[in-house]
2 protein chains.
Amino acid sequence: MIKLLLVEDDLDLAGNIIDYLELEDMLCDHASNGVAALSLMAEGHYQAIVLDINLPKLDGLQVCARARAIGNDTPIIMLTARDQLSDKVAGFEQGADDYLVKPFAMEELVVRVKALAKRRSGQHTQLSVGPLQLDINQKTALYGSEPLKCSPTAMAILEQLMRAYPHPVNRQSLIASVWGEESPDSNSLKVHMHNLRKALDSVGNATVSFTANVGFQLDVSEEK
Amino acid sequence: MIKLLLVEDDLDLAGNIIDYLELEDMLCDHASNGVAALSLMAEGHYQAIVLDINLPKLDGLQVCARARAIGNDTPIIMLTARDQLSDKVAGFEQGADDYLVKPFAMEELVVRVKALAKRRSGQHTQLSVGPLQLDINQKTALYGSEPLKCSPTAMAILEQLMRAYPHPVNRQSLIASVWGEESPDSNSLKVHMHNLRKALDSVGNATVSFTANVGFQLDVSEEK
DNA sequence: TTTACCGTTAACCCGCCCTTAACCCTGCGC
DNA sequence: GCGCAGGGTTAAGGGCGGGTTAACGGTAAA
């Protein structure tokens, strides 16, 4: 769920944008002037900001500059009716990340917002297989809504299994992708695999099966 | 968001001023006599004070003098119906920063308040996360209305955590943004983090949690 | 000069996690 | 039936790193 701030003084347009973005599953706060925008930015933590340049009280360029000055580096998309190069330059100089000229297609706004929000949050770091979900950035795994308690190594193994799903991963490449060149001398994989299985057992019915001469494979039973 | 104190015994006028200032996105506390004004000044941390001279109990000049005497240097704008040079002089002698003669245009009050608040605090440097508030210029932190007693370094750490909220901050970038290039050789972060946590504990239920391989994260419980 | 505060450092505790080793169990070939 | 190979299981050891505390030195205010 992307959470963003729309700063737009044209209430009709703002309403349209909000409606559209909500269809795209984005949560949208709204400010209609620059001052309000700044205080919302200080409070809410947005993944992106859509900022009109023509605003009462404090125009978009100033808002942008002010935000950057106090260390807020949330991605900002500027909106304006003017298609002047100098405007674009000014916008980017104040620290904007993107620029959109009115009138624009809603689809384009959506695409750009998603691109920016994604870039900021470290791009697509969610893996999911059935009810299993893994966030690589936060190093957290979920089974449904239940957190999966397991060590970093176990999670690395799980990541490989989920990437390969539904195919098996052979032992060699599993070791290679978890440990790199330096694989431990002994039977670490066995132990970590055991821990991972215990963790999976305790939280739901996902298992790791082994087939000789083939490798390990993630199994997620169909019924929840 | 500018937070200021209005001291005015004429309730009609006070209401008008408050309404107008709120449109300008300023938060406005109100006192109708000098004694109340002084106790509010001692508690809340205002960025400016609008102070009528004619007040019951303690007149504006006395309030101003008293405030300065106890070391409060919040910018003060005096309001009065009299347009006498001697009054102005007296006001400035007591430590006022500006002077406005009734009747005045609301716009003028707004401009002057903003100018003073800005001069004093540099510019908008408020961070807030839930009940936590941090003024970077004044180097003060509040939990609700309770001041958070902590050292400059602890506050710098808190600032980073609040900027990142609700995301975690990894150890490296935390050290980098607090100390810059020259990080201390030893475990200063641990100690400062400890102090920050103690300070947060003593004042409300905000905590800093740590997750291995991820980093530190500010937690603010939902209920106030 | 004294006091208080602050940042740094060091020493120690403790928990988590990786590794290792020892042992169990199963399947397969001799 | 026996031995071996290889995965499965369990427990012990040790290291890394955060948490806690106290002491030291410097600096600014009283």
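Letters A, B, ... mirror the listed sequences (proteins, then strands); counts begin at 1.
- B/His194 has a side-chain polar atom (N or O) that falls below the 4.0 Å cut-off from OP1 or OP2 of D/dT20.
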Polar atom pairs between nucleotides 15-18 of chain C and protein, under 3.5 Å, N or O only, would you list them?
residue, atom, partner, partner atom, Å
C/dC18, OP1, A/Thr153, N, 2.9
C/dC18, OP1, A/Thr153, OG1, 2.6
C/dC18, OP2, A/Ser151, OG, 2.9
C/dC18, O5', A/Thr153, OG1, 2.9

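- For the pair A/Val7 and A/Leu5, the minimum side-chain heavy-atom distance is below 4.5 Å.
- Mapped onto DNA chain D by nearest heavy atom, A/Arg197 and B/Phe210 fall at different nucleotides, with A/Arg197 at the one closer to the 5' end.
- Between B/Val208 and A/Val191, the one whose closest nucleotide on DNA chain D sits nearer the 5' end is A/Val191.
- At distances below 3.5 Å, at least one donor-acceptor pair connects side-chain atoms of B/Gln62 with backbone N or O atoms of B/Asp59.
- Spacing between atom NZ of A/Lys198 and atom P of D/dG7 amounts to 20 Å, rounded to whole angstrom units.
- Interatomic distance, B/Arg197 CZ to B/Ser202 OG, rounded to the nearest 0.5 Å: 14.5 Å.
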Scan nucleotides 22-28 of chain C against the protein and return all N/O pairs shorter than 3.5 Å with their distances rounded to 0.1 Å.
residue, atom, partner, partner atom, Å
C/dA22, N6, A/Asn187, ND2, 3.2

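- Between the side chain of B/Asp10 and the backbone N or O of B/Leu13, at least one donor-acceptor pair lies under 3.5 Å.
- Looking only at side-chain heavy atoms (C-beta outward), A/Met26 and A/Val110 come within less than 4.5 Å of each other.
- When rounded to the nearest whole Å, the span between CE of A/Met193 and C1' of C/dT20 equals 18 Å.
- Taking side-chain N and O atoms only, A/Arg171 has a distance below 4.0 Å to OP1 or OP2 of D/dG7.
- Looking at heavy atoms from C-beta onward, B/Ser151 lies out of side-chain contact with B/Asn195 at the 4.5 angstrom threshold.
- The separation between A/Leu189 atom CG and C/dT19 atom P is 10 Å, rounded to whole Å.
- The shortest side-chain heavy-atom distance between B/Glu8 and B/Val50 does not fall under the 4.5 Å cut-off.
- Within the 4.5 Å cutoff, the side chain of A/Leu4 has no heavy atoms near those of the A/Gln47 side chain.
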